Amino acid sequence: VSGFTMPVKKTLNNLAVKPAVNGQAKTLAEMEDKWESFTFSPIRESQVSRAMTRRYFTDLDNYAESDIVIVGAGSCGLSTAYELAKKRPDLKIAIVEAGVAPGGGAWLGGQLFSAMVMRKPADAFLNDLGVPYEDEGDFVVVKHAALFTSTLLSKVLSFPNIKLFNATAVEDLITRPNPTASDPNAVRIAGVVTNWTLVSMHHDDQSCMDPNTINAPLVISTTGHDGPFGAFCVKRLVSMQQLEKLGGMRGLDMRTAEDAIVKRTREVVKGLIVGGMELSEVDGANRMGPTFGAMALSGVKAAEEALKVIDE
Ligand code: AHZ
């Protein structure tokens, strides 16, 4: 499964469609009647089924013990994954994303507008990714938010040590007693409890839908601000009495919000680092609206904090 390579043998221009009479394969460009004689290589339905299921179940088996689980594949979660996988190819990183489409709120710049604004110094992250932008002085503008998100996503998915489980929700946390804490009720986080998102959404009207699990010594939660799914892990920390209460996201103030999110990106409870807008719920930070530099740099910081914990 990890042996995927780019198909270098054939391109659309030299694609061998049908053997020529002399035994030499013709290319698409050479074939005058290419569409009349066109046919794909043969397949049986079971081959398609097995090609998918064998890989998925191998991944489930392999990532049941992960080094790090990232919850949420929005701009912060994907930035975290990119930094971690780039620096540490030895770590096995599972990303669990509730939506079918990863990317969270980063497919548009704000409202329904295309351009994405990043305040400096987050332009350094774009340079690293190779995403072009226009420089407007104190901030830069990517012409379409989807260019940032699709580039980041394609790089993240190309790392051999990352598996994205999308359409899968984290619906609880695995906990263990934390003997190093003074509070006897304190826990450390030791992994996540998962289910197909569509199943998670039907716990109220269907019974017997027990979940699955991923063990990991470190979880990084980046589930965004409160909403039907958002701020999931920190809300669970409150209900399991590991946090007294949430501060609640405050109104919009771009000036203070972005600094606050990056500065406060940290291990909130042993084994659980929180990044991105989920943090605004923990500490009562302002929202920043359609500027994305803090999401990228909170991801970079979450990755650095994670490596400190892992290497402890
Ligand atoms: O589907 C969610 C989204 O893709 C996913 N998610 C949430 N709960 C989950 C759960 N299990 C698995 N229980 C879950 N996945 O987490 C992702 C969060 O992405 P996001 O883009 O909402 O959050 P972010 O913190 O990466 O970026 C926030 C973007 C915002 S909101 C905002 C404002 O309103 O001021 N400003 C910015 C920049």
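This one's a predicted model, so the numbers in the text were calculated from it and none came from an experiment. The figures here come from the full heavy-atom set of this structure, side chains too, leaving out hydrogens, waters and symmetry mates. Indexing begins at 1, ligand by ligand and atom by atom, following the structure's order.
Set against the non-hydrogen atoms of Val96, the atoms of ligand 1 under 4.0 Å away are 12 (C), 15 (N). Every atom of ligand 1 is numbered from 1 in the order shown, and the set under 4.0 Å from a heavy atom of Val71 is 11 (N), 12 (C). Near Met288, the atoms of ligand 1 lying under 4.0 angstrom from a non-hydrogen atom of the residue are 35 (O), 36 (N), 37 (C), 38 (C). Using a 4.0 Å cut-off to heavy atoms of Ala169, the atoms of ligand 1 that qualify are 11 (N). The Gly104 neighbourhood of ligand 1 comprises atoms 3 (C), 4 (O), 19 (O), 21 (O), with distances under 4.0 Å to a heavy atom of that residue. Within ligand 1, counting atoms from 1 as listed, the ones closer than 4.0 Å to a heavy atom of Thr291 are 38 (C). The contact set between ligand 1 and Gly224, taken as ligand atoms under 4.0 Å from a residue heavy atom, comprises 18 (C), 22 (O), 23 (O), 25 (O). Every atom of ligand 1 with a heavy atom of Gly74 under 4.0 Å away is listed here by number and element: 17 (C), 19 (O), 21 (O), 26 (O).
Where the criterion is an N or O separation shorter than 3.5 Å, residue side chain and backbone included, Glu278 fails it with respect to ligand 1. For the pair Val170 and ligand 1, the shortest N or O to N or O distance falls below 3.5 Å. Ligand 1 has a nitrogen or oxygen under 3.5 angstrom from a nitrogen or oxygen of His225. Between Gly103 and ligand 1, not a single N/O pair is under 3.5 Å apart.
At the top of the distance list for atom 34 (O) of ligand 1, counting protein heavy atoms only, stands Arg287 NH2, 2.6 Å. Of all protein heavy atoms, the one closest to atom 1 (O) of ligand 1 is Glu97 OE2, 2.6 Å. In this structure, atom 16 (O) of ligand 1 lies nearest to the protein heavy atom Gly72 CA, 3.3 Å. What sits closest to atom 12 (C) of ligand 1 on the protein, heavy atoms only, is Ala98 N, 3.3 Å. Protein heavy atom nearest atom 28 (C) of ligand 1, with residue, atom name and distance: Met277 CG, 3.5 Å. Of the protein's heavy atoms, Phe229 O, 3.1 Å lies nearest to atom 8 (N) of ligand 1. The protein non-hydrogen atom at the shortest distance from atom 27 (O) of ligand 1 is Met295 SD, 3.3 Å.
Around the CE atom of Met254, the shell of radius 6.0 Å holds more than 12 heavy atoms that belong to other residues, nucleotides or ligands. A 6.0 Å sphere centred on CG of Asp138 holds no more than 12 heavy atoms belonging to other residues, nucleotides or ligands. Crowding of Glu244 atom CD: a count of heavy atoms from other residues, nucleotides or ligands under 6.0 Å not exceeding 12. Lys143 NZ: 12 or fewer foreign heavy atoms inside a 6.0 Å radius.
By heavy-atom distance, the residue among Thr223, Val100, Val274 lying nearest atom 7 (C) of ligand 1 is Thr223. Taking only non-hydrogen atoms, the option from Ala73, Gly105, Cys76 nearest to atom 20 (P) of ligand 1 is Gly105. Considering each of Gly289, Gly275, Ser221, Ser280, the one bringing a non-hydrogen atom nearest atom 32 (C) of ligand 1 is Gly289.
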side-chain hydrogen bond (donor to acceptor under 3.5 Å, both in side chains) evaluation trace for Arg55 with Thr58: CA-CA 5 Å; Arg55 285 170 174 80; Thr58 301; over 6 Å; no
Intermediate values then yes/no, side-chain hydrogen bond (donor to acceptor under 3.5 Å, both in side chains), Ser298 and Thr265: CA-CA 6 Å; Ser298 172; Thr265 299; 2.8 Å; yes
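Looking at Lys308 and Glu305, a side-chain N of the basic residue comes within less than 4.0 Å of a carboxylate O on the acidic one, giving a salt bridge. Comment: Asp90 engages Arg88 in a salt bridge, judged by a side-chain N to carboxylate O separation of less than 4.0 angstrom. Ion pair Lys263/Asp283 not flagged as a salt bridge, since none of the NZ, NE, NH1 or NH2 atoms sits closer than 4.0 Å to an Asp/Glu carboxylate oxygen. Ion pairing between a basic and an acidic side chain is recognised when a charged N comes within 4.0 Å of a carboxylate O; Asp128 and Lys155 show no such pairing.
A donor-acceptor pair under 3.5 Å is absent between the side-chain atoms of Asn286 and the main chain of Arg250, judged by distance alone. Side-chain atoms of Thr175 never come within 3.5 Å of backbone atoms of Ile189 as a donor-acceptor pair (strictly under, hydrogens ignored). Although no hydrogens or angles enter the test, the distance criterion places no donor-acceptor pair under 3.5 Å between the side chain of Trp107 and the main chain of Ser150.
Annotation: cation-pi geometry satisfied between Lys163 and Phe165 (NZ/CZ under 6.0 angstrom from ring centroid, within 45° of ring axis).
Contacts between Phe232 and ligand 1 below 4.0 angstrom, taking non-hydrogen atoms only, involve the side chain exclusively.
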